[in-house]
Number of protein chains: 2
Amino acid sequence: MSATHTAVTGRQSQPLPDLCAAWPDGGRTVRETLDRIGDKWSVLVIGVLAASGPLRFIALHQRVPGISQRMLTLTLRHLERDGLLSRTAYAEVPPRVEYQLTPLGDSLRAVVTALAQWATDHDDEIKTARHAFDNRR
Amino acid sequence: MSATHTAVTGRQSQPLPDLCAAWPDGGRTVRETLDRIGDKWSVLVIGVLAASGPLRFIALHQRVPGISQRMLTLTLRHLERDGLLSRTAYAEVPPRVEYQLTPLGDSLRAVVTALAQWATDHDDEIKTARHAFDNRR
DNA sequence: CTGTATCCCGATAGATACTG
DNA sequence: CAGTATCTATCGGGATACAG
């Protein structure tokens with residue numbers, strides 16, 4: 001690396017200043033995870049399953065307040081696809097399907113709990129900051 | 001609490017089975033936090049600021065790959081409103097504005113780092129599960 | 001009971017142009 | 001330099017109806 005002829009322009013045009021070196025992947029893994037669980041219902045479904053153990057479709061529908069059949073189905077499919085929960089269908093005359101967290105899903109629950117803890121701890125700060133911001137302008 | 005006349009119907013119609021008792025707030029605080037940082041750019045901006053310290057608008061624009069001026073502005077406003085970063089404008093002839101994380105924003109960074117750690121640790125599991133799911137159907 | 005199939009609307013985000 | 005203003009495309013998500 002000869003530094004003799006690299007500084008011809010004074011500054012070296014910074015081709016890659018440093019991008020975001022905050023997280024291992026430059027934040028990509030964080031964003032992927034947020035895309036996975038950052039939607040409206042995933043964390044709620046995970047929370048219910050974590051609290052109640054295996055549940056069937058209708059039980060989930062009752063315990064997640066406000067979710068539609070469509071969104072529950074979609075959310076369950078996504079979580080199943082990512083290996084966060086398992087789906088077990090029993091061939092019975094009234095069909096019965098049970099959903100439960102996989103170990104992977106349960107490990108995620110721990111992370112989200114930490115997030116909830118942060119939210120609880122700083123809820124007042126955020127409310128205050130928001131109020132101050134809105135009243136300034 | 002006399003249990004003598006409560007069981008007239010056999011089952012008590014379960015007015016509130018148990019809802020979601022997974023998290024303190026029933027998941028509300030989690031969802032609020034995810035609404036705050038679950039968008040496309042917030043965590044990236046926080047990450048860049050956490051890694052580089054105070055930065056001005058154009059520096060952020062350069063270091064967050066792919067973000068538009070509009071989205072950067074909106075993201076910064078939201079984060080400022082929630083007290084996660086502070087905005088300092090200097091009255092100079094070429095205007096200069098510097099953004100930096102508040103202690104609150106930095107504390108959030110720690111949480112998101114944990115999330116990133118989880119994502120990194122289980123990335124292979126998720127990829128495998130996803131691949132298996134897609135190839136089954 | 002456990003979904004799937006449509007239709008539709010509002011919110012989010014990208015592109016572009018313009019301003020103090 | 002640091003934004004704002006529009007316009008538009010896309011998408012998540014709700015309501016409803018229907019099917020295995």
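These numbers were taken from a predicted model, which means no experiment stands behind them. Below, chains carry the letters A, B, ... as their sequence lines are ordered, and counting in each starts from 1.
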For DNA chain D, determine which residues of residues 31-39 of chain B have any heavy atom closer than 4.0 angstrom to one of its atoms, and list them numerically.
none

If you walk 5' to 3' along DNA chain C, what is the first nucleotide with an atom under 4.0 Å of a heavy atom in chain A, and what is the last?
C:dC1 to C:dT6

Output yes when a side-chain donor or acceptor of A:Thr102 lies under 3.5 Å from a complementary backbone atom of A:Leu84, and no otherwise.
yes

Determine the stems involving DNA chain D; a stem requires 3 or more consecutive pairs of the Watson-Crick or G-U wobble kind, each with both distances below 3.5 Å, and the answer is none if no such run exists.
C:1-20 with D:1-20

Check ring-ring contact (aromatic ring centres under 6.0 Å, His included) between A:His122 and all other residues, then give those that pass, not counting sequence neighbours.
A:Trp118

For the residue pair A:Phe57 and A:Glu98, establish whether any side-chain heavy-atom pair is separated by less than 4.5 Å.
no

Distance-only donor-acceptor hits, side chain of residues 67-75 of chain A, under 3.5 Å, sequence neighbours excluded:
residue, atom, partner, partner atom, Å
A:Ser68, OG, A:Met71, N, 3.2
A:Thr73, OG1, A:Gln69, O, 2.9
A:Thr75, OG1, A:Met71, O, 2.7

Whole-Å distance, B:Ile58 CD1 to D:dG3 C1', equals 12 Å

Quick check: does any side chain N or O of A:Thr29 sit under 3.5 Å from a backbone N or O of A:Asp25, one acting as donor and the other as acceptor?
no

Give a yes or no on this: more than 12 heavy atoms of other residues, nucleotides or ligands lie within 6.0 Å of atom CZ of B:Arg28.
no

Can you check whether B:Leu104's main-chain N or O pairs, donor with acceptor, with B:Ser107's side chain at less than 3.5 Å?
yes

Checking A:Thr113 side chain against A:Arg109 main chain: does a donor-acceptor pair fall under 3.5 Å?
yes

Counting distance only, does the side-chain N/O of B:Arg87 pair as donor-acceptor with the main-chain N or O of B:Glu80 below 3.5 Å?
no

Between D:dG20, D:dC1, D:dG3, which nucleotide has the shortest distance from any of its atoms to the side chain of B:Gln69?
D:dG3

Donor-acceptor pair present, A:Arg70 side chain and D:dG13 base, under 3.5 Å:
yes

Measure from the side-chain N and O atoms of A:Arg36 to the backbone N and O of A:His78, and report whether any donor-acceptor pair falls under 3.5 Å.
no

Donor-acceptor under 3.5 Å (A:Arg81 side chain, B:Ile126 main chain)
no

Short side-chain donor-acceptor distance under 3.5 Å, B:Thr120 and B:Asp123:
no

OP1 or OP2 of D:dG3 under 4.0 Å from side-chain N/O of B:Tyr99
yes

With nearest nucleotides of DNA chain D determined for A:Lys40 and A:Pro95 from heavy-atom distances, which residue corresponds to the more 5′ nucleotide?
A:Lys40

Within residues 71-91 of chain B, which residues have any heavy atom lying less than 4.0 Å from an atom of DNA chain D?
B:Thr73, B:Arg77, B:Arg87

Nearest-0.5 Å distance, NZ of residue A:Lys127 to CD of residue B:Glu32:
6.0 Å

